[in-house]
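Order of listing sets the numbers, starting from 1, for every ligand and every atom in it. None of these values were measured; they are calculated from a predicted model.
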Amino acid sequence: MSTDPIPRCVELIRQSKNIIVLTGAGISTNAGIPDFRGPQGLYTSRLYDAEKVFDISYFLKDPKPFYEFAHDFIALESTIKPTAAHNALAALEGAGKIKAVITQNIDGLHQKAGSQKVLDMHGSFLSSHCLRCRKTFNYDELRSMVLQHVIPHCSCRGIIKPDIVFFGEDVKYYHQALELAQSADLFFIIGTSCVVYPAASLPQFVPGKIVIVNHSKIELNMYNIALEVERDIDVFFNELMDALKGKLNS
Ligand code: CNA
């Protein structure tokens, strides 16, 4: 049997009618956004202390570490472009193969690439709200405050928090994500170490086959893993999309 994962993946995609995708920070590293646990990750480099930055109880005591991270993230935002893999997933949705992307990412790159059905389980910077009076703010309002290096405050003096999910808060869209996982005949796990719950629990509900694309091994003991690709995500998706040309409707 061939050990080349590309023909096997082409075959799996051709046989499947309801493909669901779960992505994590690894799909965006080639866009220039560090992940958490990869070799250049935030936990590894300690450029930001991820445990302080994304912890809700820490944020309520001192929002400064989060807003230092947010400043750098928002300053980069307009220059960040979707990767080959984000574009490939949008193209496969356009071709009627992928039904939804469930993402743990907060960078909005799936939407920028043109994916239509995206569930951002960990929220995004697109909206924010005042923790005291609940007034909402759009991205441009938050952006201008953050880029001035001020901790954003509402006119009522409450702290403004972007609607991204911190450690210690409930994720968004869990029930929809669960239903999607339960409906998948093929489920891709891309660029996630699968250790942050509840997103990490989704693969166990998949009745169909599972494909993992991640350059370090993920500890998932599932009988239905059909393919595990330990390669760079963009290298893999570039080759895959070349191999799929002319084959999607046959
Ligand atoms: P993680 O734990 O950092 O795992 C990422 C995985 O991707 C690691 O196993 C890496 O080895 C792998 N990886 C990284 N780059 C590549 C690549 N180019 N090719 C192949 N594999 C690669 O991140 P998770 O997503 O599992 O953790 C969930 C956290 C990360 C969520 O709360 C996110 O909000 C959070 N996060 C998001 C972003 C973003 O929005 N881009 C960035 C950093 C962290």
Ligand 1-proximal atoms of Asp232, by part, heavy-atom distance under 4.0 Å:
both

Provide the number and element of each atom of ligand 1 under 4.0 Å from a heavy atom of Thr29.
14 (C), 15 (N), 16 (C), 17 (C), 18 (N)

Classify the contact between Val195 and ligand 1 as side chain, backbone, both or neither, using a heavy-atom distance cut-off of under 4.0 Å.
neither

Side chain of Asp234, backbone of Ala85: donor and acceptor closer than 3.5 Å?
yes

Quick one: which of Thr29, Asn30, Asn214 gives a side chain to side chain donor-acceptor pair (under 3.5 Å) with Asp232?
Asn30

Start with the C-alpha gap between His71 and Leu147, add the side-chain angles, then the distance that decides, and say whether side-chain contact (heavy atoms from CB on, under 4.5 Å) holds.
CA-CA 6 Å; His71 174 273; Leu147 291 183; 4.1 Å; yes

Salt bridge flag under 4.0 Å for residues Lys135 and Glu141:
no

Do you know the tightest heavy-atom contact between Ile233 and Gly26?
CD1-O, 3.4 Å

Check ligand 1 against Val196 and write out every atom of the ligand that is under 4.0 Å from a heavy-atom position of the residue.
27 (O), 28 (C)

Which one of Gly24, Gly191, Ala85 has a non-hydrogen atom at the shortest distance from atom 5 (C) of ligand 1?
Gly191

Classify the contact between Gln104 and ligand 1 as side chain, backbone, both or neither, using a heavy-atom distance cut-off of under 4.0 Å.
both

Any chance NZ of Lys209 has more than 12 other-residue heavy atoms, nucleotides or ligands included, within less than 6.0 Å?
no

Below 4.0 Å, non-hydrogen atoms only: which portion of Ile106 touches ligand 1? Side chain, backbone, both or neither.
both

Atoms of ligand 1 close to Arg231 [distance to a heavy atom under 4.0 angstrom, numbered from 1]:
19 (N), 20 (C)

Any heavy atom of Ser28 under 4.0 Å from ligand 1? The part involved is side chain

Have a look at His122, Met121, Glu230, His215 and point out the one with the heavy atom closest to atom 16 (C) of ligand 1.
His215

Phe54 vs Phe69, test: ring-ring contact (aromatic ring centres under 6.0 Å, His included). Steps then yes/no.
CA-CA 10 Å; Phe54 298 109; Phe69 160 81; 5.0 Å; yes

Pick one: which of Phe66, Tyr67, Phe59 meets side-chain contact (heavy atoms from CB on, under 4.5 Å) with Val53?
Phe66

Residue part near ligand 1, for Ile33, under 4.0 Å between non-hydrogen atoms:
side chain

